[in-house]
There are 2 protein chains.
Amino acid sequence: MDLGQRSETVRRANLSAIVRTLHEEGPQSRSDLVTRTGLTRSAIRVLVGELKAAGLATEDRAVRHGRPGRPSPEVSLVAGAAVAVAFSIGVDTLAAAVVGMGGTLLGLSRTDRPRGHKVASAVVDDLVSLLDHLPSGRPEPETVVAVGVAVAGLVRSRDGLVENAPNLGWTSVPLGALLAARLGWSIPVVVRNESDLGVLAEHRRGAAVGIDDVLYVHGEVGVGGGVLVDGRPMAGAAGYAGEIGHVPVDANGLLCRCGAIGCWETQIGAGAILARAGLPRDAGPEALDDVFAAAEAGDVVAQAAIETTGRTLGSGLGGLVNTFNPRMVVLGGIFGRLHPHAQQAIWEELERHTLPAPRAMVRVVPAKLGVDAPLLGAAEVALESVLADPATRFGHRARVAQLASA
Amino acid sequence: MDLGQRSETVRRANLSAIVRTLHEEGPQSRSDLVTRTGLTRSAIRVLVGELKAAGLATEDRAVRHGRPGRPSPEVSLVAGAAVAVAFSIGVDTLAAAVVGMGGTLLGLSRTDRPRGHKVASAVVDDLVSLLDHLPSGRPEPETVVAVGVAVAGLVRSRDGLVENAPNLGWTSVPLGALLAARLGWSIPVVVRNESDLGVLAEHRRGAAVGIDDVLYVHGEVGVGGGVLVDGRPMAGAAGYAGEIGHVPVDANGLLCRCGAIGCWETQIGAGAILARAGLPRDAGPEALDDVFAAAEAGDVVAQAAIETTGRTLGSGLGGLVNTFNPRMVVLGGIFGRLHPHAQQAIWEELERHTLPAPRAMVRVVPAKLGVDAPLLGAAEVALESVLADPATRFGHRARVAQLASA
DNA sequence: CAAGTTTTGTGTTCCTTCCGCTCAAACTAC
DNA sequence: GTAGTTTGAGCGGAAGGAACACAAAACTTG
């Protein structure tokens, strides 16, 4: 139920509008904030003053822009005042990052993850030790607002339970709780599927900035999807939404590792490309690199493998365009690499399987953030609490100072 | 951009919370409203008073419920104070209804629509003349808040342009504008796809009350879908979302009337059932009635036709459950009739094509509102403006009275 | 049946928050 | 340098809900 509102709700919403605007669009003048939010100069002045006092924002001398009138000082968020720690558990890599308000990347470190299964606690240890390898060093625990985690698998968003992650060999792993315990910080740990986070990152910082209806399709060994509906990530009832790799597309098709017959994934995943190139389906990522290299060098078998995969990708995307009516389809993972080689094949099949109206308004583009998208998306969801209610951080510095003096 | 908020925003939100609660949950006591909204008794008193003064609500003597304490009067919406006019243009019927606040059906009339094409202006005339056949008579124009229209076709929600409606033979018909001109009322005319409205109606008044993640699948000649994501209808970038009938499921399948190969619709639409029963694909609705009757009478061909269709429906639903992670799948149109005959077949195939986690939390149920769902959904969207800002109606009676006296 | 208990309506005062207005400051243009 | 424009600063006012005190209307108990 929508709770009733009061004056304090208004202030929270207005502070949030300011911080969110600065976070998403970057530093801007007070008078820009006036036009963006519709608030009066008086209100903006007071609210920005409050943010400054709390150390969340700074005001710099205005940039001269040659127009008449008194210049308006530029307001920026203080990146380090509130930061998110983000982790990602991908098929081939583990990564950690610290991201400040405004989306400033304060540090990132990455390590290979050998394929094969490893118990969750060991992976959690690996993740946390990545924090010590950050160029910026371990972040100050007091500045960390929340922890975001991107996982290649089905995640129950409520409590961060990894229901199933075939690439990791995990079933019912309480990753959120494990990580929270290991870190020992009393802040929320938010675990999400990597594609759901990928679409958020591409929306905020990548190929889909300013576009509110986006379908993000991520391919590796498996195929996942993240959907932005009217600017909001589509989670489904428990967070499992977006498993478009397991849509049946061929009743007489191959057996998928999920146990079903004819999943789309069996036709467009990394294994499908490898098989079409005459390689074993489970050859590693290097083998896939070789296929792309061979195609560029003119190898017709490799080229055909890529084009056929592009066609199958395109027809499936067609169905999804009819289903979601997105304004943009963002191809991530191996599909982003496939795109330049198979752009025409993808679009031809997409065209063949879409209704004219949704087709006319959709664009298919490769992801801009590459492998970092899920990690950056994890940071974005972790920062969400500050964006939604910046005032929660107000007492913070005072509280820390008080503890130090006591 | 989220506009800045102020005191008036708070009042609007709180009035809206009260009216919406009463609309969705029915009449309840003031003290219920206190707990529902989290507002204080003082605030509820003033706000309900305002609604009463405006004629939107009434207070009745409290019902005795046997608990100690002073009884709290029951607040009800005045159904006739603000009404929606709803129209639906289905494959086989035209309908009109007047629905008051609280979802009270004040009048409904329906007429057959012979299959075949008819120019839009003629259909608009037919719809408007249905208003004269309402048992309640034509609604008072001053009380009508908005007009909602459900159409079996692709609708651009922004302006009510019917992009394409194969059953009606329409392409690029500005239905919203035509109807607005024909009615001559200066109120919004909201046109939407029938499935998008169907899911809304089932959510508010039907099988999916209280469930925020719902997939509604409607079958007739064509197959459409409406999706509720976190309580909100998924419209897509232009309103075309939900065309799940045109997801490709068989690369070697039949030619769909949309021009593509192997659309799901070709396997589960009314034509597919008829064909499997040995009848022509374009036999009318009576032929389909015969198939269902024959199956009930023990005809094995008819039974097999229904079961096979159920299996194909189930496997496609499996992919959609993986895609949307809904808590409920509601089957409307012919699928609602199919359900009792093919429940097991549907579920078996759905089970075979879903991941365990989303499968474990989904239920498949027949629609509760039947053919009326889109019409009632159209009324709900039309009433939305009053729910979102009841104060817009405040000056209304005064204004009408003033006009009358002048 | 009368006194006590509980819950809720009524009305006043107070607090929070933003708007509107006036004046001053900082810039451009001629 | 003077006029024009845009914006910051600060103050008073208005709107709206919360908190509080009190009254009213039910039930409970002996």
Side-chain angles (χ1 to χ4, degrees), chain A residues 2-19 27-54 57-75 389-391 394-395, chain B residues 2-19 21 27-54 57-75 389-391 394:
Chain A
D2 290 314
L3 269 83
Q5 304 207 335
R6 43 179 145 184
S7 332
E8 290 83 2
T9 321
V10 172
R11 166 145 294 205
R12 192 181 319 141
N14 287 341
L15 273 174
S16 171
I18 292 174
V19 173
Q28 52 196 285
S29 73
R30 269 204 220 177
S31 72
D32 287 339
L33 289 173
V34 167
T35 55
R36 276 272 178 283
T37 60
L39 295 169
T40 57
R41 294 202 302 267
S42 323
I44 291 290
R45 181 174 71 96
V46 173
L47 293 169
V48 168
E50 213 157 314
L51 292 172
K52 279 169 64 180
T58 52
E59 281 188 301
D60 295 313
R61 206 165 172 64
V63 279
R64 294 202 170 169
H65 47 319
R67 284 193 304 268
R70 177 171 174 172
S72 191
E74 194 175 61
V75 185
D389 188 6
F394 278 11
Chain B
D2 289 314
L3 269 84
Q5 303 206 334
R6 45 178 140 185
S7 336
E8 290 84 10
T9 321
V10 172
R11 168 145 293 208
R12 192 180 320 142
N14 287 342
L15 274 173
S16 171
I18 292 175
V19 173
T21 303
Q28 51 198 286
S29 73
R30 270 204 220 176
S31 73
D32 288 338
L33 289 172
V34 167
T35 55
R36 275 271 176 283
T37 61
L39 295 169
T40 58
R41 294 202 301 267
S42 322
I44 290 290
R45 180 174 72 97
V46 173
L47 293 169
V48 168
E50 214 156 315
L51 292 172
K52 279 170 64 180
T58 52
E59 281 187 299
D60 295 312
R61 210 166 169 65
V63 279
R64 295 202 169 168
H65 47 320
R67 285 192 303 268
R70 176 170 175 172
S72 192
E74 194 175 62
V75 186
D389 187 5
F394 277 12

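Predicted, not measured: the structure shown is a model, and the values here were computed from it. All values below come from the heavy atoms of this structure, side chains included, with hydrogens, waters and symmetry mates left out. In what follows, every chain begins at residue 1, and chains take the letters A, B, ... in the order their sequences are listed.
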Rounded to whole angstrom units, what separation is found between the [atom1] atom of [X] and the [atom2] atom of [N]?
| X | N | atom1 | atom2 | answer |
| --- | --- | --- | --- | --- |
| A/E74 | C/dC27 | CD | C1' | 17 Å |
| A/I44 | D/dT6 | CD1 | C1' | 16 Å |
| B/K52 | C/dG9 | NZ | P | 11 Å |
| B/D32 | C/dT7 | CG | C1' | 13 Å |
| A/R45 | C/dA25 | CZ | P | 15 Å |

On a plain distance test, is the side chain of A/S42 in donor-acceptor contact with the base of D/dG8 below 3.5 Å?
no
Side-chain donor or acceptor of B/R41 under 3.5 Å from a matching atom on the base of C/dG9?
yes
Considering only heavy atoms from C-beta outward, does the side chain of B/R30 approach that of B/R45 to under 4.5 Å?
yes
First encountered from the 5' end of DNA chain C, between A/G69 and B/R67:
B/R67
What's the spacing between [X] [atom1] and [Y] [atom2] if we round to 0.5 Å?
| X | Y | atom1 | atom2 | answer |
| --- | --- | --- | --- | --- |
| B/L51 | B/I18 | CG | CD1 | 6.0 Å |
| A/I44 | A/R36 | CD1 | CZ | 11.5 Å |
| A/S7 | A/R12 | OG | CZ | 11.5 Å |

Examine D/dT7: is either OP1 or OP2 under 4.0 Å from a nitrogen or oxygen in the side chain of A/R30? Give yes or no.
no
Does OP1 or OP2 of C/dT8 have a side-chain N or O of B/S31 closer than 4.0 Å?
yes
Are any side-chain N or O atoms of A/N14 and backbone N or O atoms of B/Q5, one a donor and one an acceptor, separated by less than 3.5 Å?
yes
Using modelled atom types only, decide if a donor and an acceptor are shared between the side chain of B/S29 and the backbone of B/S72 within a distance under 3.5 Å.
no
Might you list the N or O atoms of the protein lying below 3.5 Å from N or O atoms in nucleotides 16-18 of chain C, with each pair's distance?
{"residue": "C/dT16", "atom": "O2", "partner": "A/S7", "partner atom": "OG", "Å": "3.4"}
{"residue": "C/dC18", "atom": "OP1", "partner": "A/N14", "partner atom": "ND2", "Å": "3.0"}
{"residue": "C/dC18", "atom": "OP2", "partner": "A/R11", "partner atom": "NE", "Å": "3.4"}
{"residue": "C/dC18", "atom": "OP2", "partner": "A/R11", "partner atom": "NH2", "Å": "2.8"}

